[in-house]
Protein chains: 2
Amino acid sequence: MSRSRVTRTTSAAPLNGAPAAGALVIPVEQPASRSDRVYDSLRRAILDGTLPPGRPLVERELAESLGVSKTPVREALKKLALSGLVEMNSYSGVSVRRIDGSLIEELYTARAGVEPTAVRLAVVAYGPARHDAARQALDEAQRLATAGETAALGLANRRFHREIYSASGNRFLCEFLNQLQDLTTFVATAGWRLKATFEQEAEEHRAILAAMEAGDPALAERLAGEHIRRAARTLVSVLGEQPR
Amino acid sequence: MSRSRVTRTTSAAPLNGAPAAGALVIPVEQPASRSDRVYDSLRRAILDGTLPPGRPLVERELAESLGVSKTPVREALKKLALSGLVEMNSYSGVSVRRIDGSLIEELYTARAGVEPTAVRLAVVAYGPARHDAARQALDEAQRLATAGETAALGLANRRFHREIYSASGNRFLCEFLNQLQDLTTFVATAGWRLKATFEQEAEEHRAILAAMEAGDPALAERLAGEHIRRAARTLVSVLGEQPR
DNA sequence: ACTGGCATTCTGGTATACCACGATACCGTC
DNA sequence: GACGGTATCGTGGTATACCAGAATGCCAGT
């Protein structure tokens, strides 16, 4: 997984943090525990639709098919349950989360409520300034859009949002919004077809970034909220009242 | 633990959800797994300061002293780590989270950003109406304040906030805010002394609830934000620049 | 044909033994 | 005396065996 839980407060040797200026930067391959790798595998499989909503997830089966024991599988499932991608129904097994109307409603309401705050904080923290990481994601999205690579495009668009979360400088908001984004991806994947609203999405992303780089927190905040709400409307209209 | 992860989507028998009108309501005692009980014990111990920040938490020790095996202890620790009360430093053990300035800063920023949204949603959802649960907590707080029972008073005040989270009708915001509230309690406990600002707190609570019951989302939202920010200022001033 | 009880089966939950690896302290060497 | 190597220890990580309990389906009784 990307955001490792390891905090490492020990003495020197900041394996994660920003290296000292001029320091020799050697990418340390992190072994990552089996739990984490299993978590990552399952998360990806759920997000890309390989494991559809309602799909039963049996500890023993997964353990066997992934070539590990139950223990790491179990931990991964617990973590997925906590993030909302998986539901643990007491004594009737674990399964990929089922989607209902209220989930979508609450999900987008939460995102629309919180994401603008993160955008505002990012602006407040940096003032009028280039947000290189976000801009890079945006440019890449543009390139991928013209190239027609929709899968990678989705990734780039999501990265755009995540870079802003990160720029907010608030670990709690960042983690929470990442969680909500995962769920958004999950819901969107389940309701596939998602006819390309990519151009509109790109335009809104550009507008948000422009407001951020202009150092206008209020405008950036408002645009971010509208962006999320429009996405929600689109998704709901695509899903229709489709059962499950 | 209070908020069980059990989702139970099976057929009828909504053991959790609101029971059908006129249905016979019998409180089903939930056995709760050992993991959950361990989680609950540790959470309480951390929140009330029995386990202070930085205190090492060794799986084997805890297992022995709690009379269970490592497995449930391990799961509880993982969960606590995810909620931020515990830090897992790779290969140097687990310990109660250490507190630094940026933690407090980010914590209160996040709460100030999100909690007003929940308050607004609660008002929007219910319109001008009595919020009985919140009011009850508020009244109880008043009673306990005059009785001088500060410990119980703290609980009542926290319950006031949680009732509002719940009234927002948004599971994501509710869970996230509960997590932030736990961390707030944790930080506040660590910085004890917390000279009684109870009267001011009560007054602000009353103002928020009044705005809610009057059906004024904007006002309620604003008051909630100011409430959190003032609490943050108070805590920071109490902590001073106290190391750790 | 329907209903109530019972055995089976499948699930997650727990305990235990063992493994891998960083931290530490000791000791020899330069 | 300071440094570097090395053995030991303690930690979380993993595998495995076993337990408990609900869902399920069969079967007898009505």
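Values in this document were obtained by computation on a predicted structure and should not be read as measured data. As a basis for the values below, the full set of heavy atoms in this structure was taken, side chains included, without hydrogen atoms, waters or symmetry mates.
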Exercise. Axis-to-axis angle across the helix from dA1(C)-dT30(D) to dC30(C)-dG1(D), five pairs an end, to 10 degrees?
Worked result: 0°
For this session: Just jot down the side chain to side chain donor-acceptor pair (under 3.5 Å) partners of Ser69(A), sequence neighbours excluded, or say none.
Result: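 Partners of Ser69(A) under the side chain to side chain donor-acceptor pair (under 3.5 Å) test: none.
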OP1, OP2 of [N] versus side-chain N and O of [X]: anything below 4.0 Å?
X	N	value
Thr71(A)	dT16(D)	no
Ser33(B)	dG12(C)	no
Arg34(A)	dA15(D)	yes

Could you check how far [atom1] of [X] sits from [atom2] of [N], rounded to whole Å?
X	N	atom1	atom2	answer
Glu61(B)	dG10(D)	CD	C1'	11 Å
Leu62(A)	dA15(D)	CG	C1'	16 Å
Arg74(B)	dA17(C)	CZ	P	18 Å
Glu59(B)	dG10(D)	CD	P	16 Å
Glu75(B)	dG12(C)	CD	P	12 Å
Glu64(A)	dT14(D)	CD	P	19 Å
Asn89(B)	dG12(D)	CG	P	10 Å
Leu66(A)	dT14(D)	CG	P	13 Å

For this session: Could you pull out all residues at least two apart from Arg44(A) that satisfy salt bridge (Lys or Arg N to Asp or Glu O under 4.0 Å)?
Result: Asp40(A)
Problem set entry | salt bridge (Lys or Arg N to Asp or Glu O under 4.0 Å) partners for Arg159(B), two or more places apart |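 Result, salt bridge (Lys or Arg N to Asp or Glu O under 4.0 Å) vs Arg159(B): Glu140(B), Glu163(B).
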Problem set entry | Test item: Arg97(B) side-chain N/O and Gly84(B) main-chain N/O as donor-acceptor pair under 3.5 Å |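 Yes; judged by distance alone, with no hydrogens or angles, the pair exists.
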Exercise. Quick check: does any side chain N or O of Thr189(A) sit under 3.5 Å from a backbone N or O of Leu47(A), one acting as donor and the other as acceptor?
Worked result: yes
For this session: For Asn170(B) and Ser168(B), test the side chains for any donor-to-acceptor distance below 3.5 angstrom and give the result as yes or no.
Result: no
Exercise. Is the closest side-chain donor-acceptor distance between Tyr165(A) and Glu115(A) under 3.5 Å?
Worked result: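 Yes, because at least one side-chain N or O of Tyr165(A) sits under 3.5 Å from a partner of the opposite role on Glu115(A).
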For this session: Please tell me which of the listed nucleotides, dG13(C), dG13(D), dA15(C), lies nearest to the side chain of Met88(A)?
Result: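 When the side chain of Met88(A) is considered, dG13(C) is the closest of dG13(C), dG13(D), dA15(C).
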Exercise. Of the candidate nucleotides dT14(D), dG12(C), dT14(C), which contains the atom at the shortest distance from the side chain of Ser69(B)?
Worked result: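 Minimum distance to the Ser69(B) side chain belongs to dT14(C).
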Please list, for nucleotides 18-20 of chain D, all pairs of protein and nucleotide N/O atoms separated by less than 3.5 Å.
{"residue": "dC18(D)", "atom": "N4", "partner": "Arg60(A)", "partner atom": "NH2", "Å": "3.2"}

Problem set entry | Where at least one partner belongs to residues 51-64 of chain A, residue pairs that pass side chain to side chain donor-acceptor pair (under 3.5 Å), sequence neighbours excluded | Glu59(A)-Arg74(A)
Seminar exercise, completed: Assign each of Leu77(A) and Gly67(B) the nucleotide of DNA chain C bearing its closest heavy atom; nearer the 5' end lies the nucleotide of Leu77(A)
For this session: Report which part of the nucleic acid Leu57(B) touches: base, sugar-phosphate, or nothing (heavy-atom distance under 4.0 Å, all strands).
Result: sugar-phosphate
Seminar exercise, completed: Only residue of Arg111(B), His161(B), Gln179(B) satisfying side-chain hydrogen bond (donor to acceptor under 3.5 Å, both in side chains) with Thr184(B) is Arg111(B)
For this session: Verify side chain to side chain contact (heavy atoms under 4.5 Å, CB included) between Val94(A) and Asn89(A), making sure each step is shown before the conclusion.
Result: CA-CA 6 Å; Val94(A) 179; Asn89(A) 308 326; over 6 Å; no
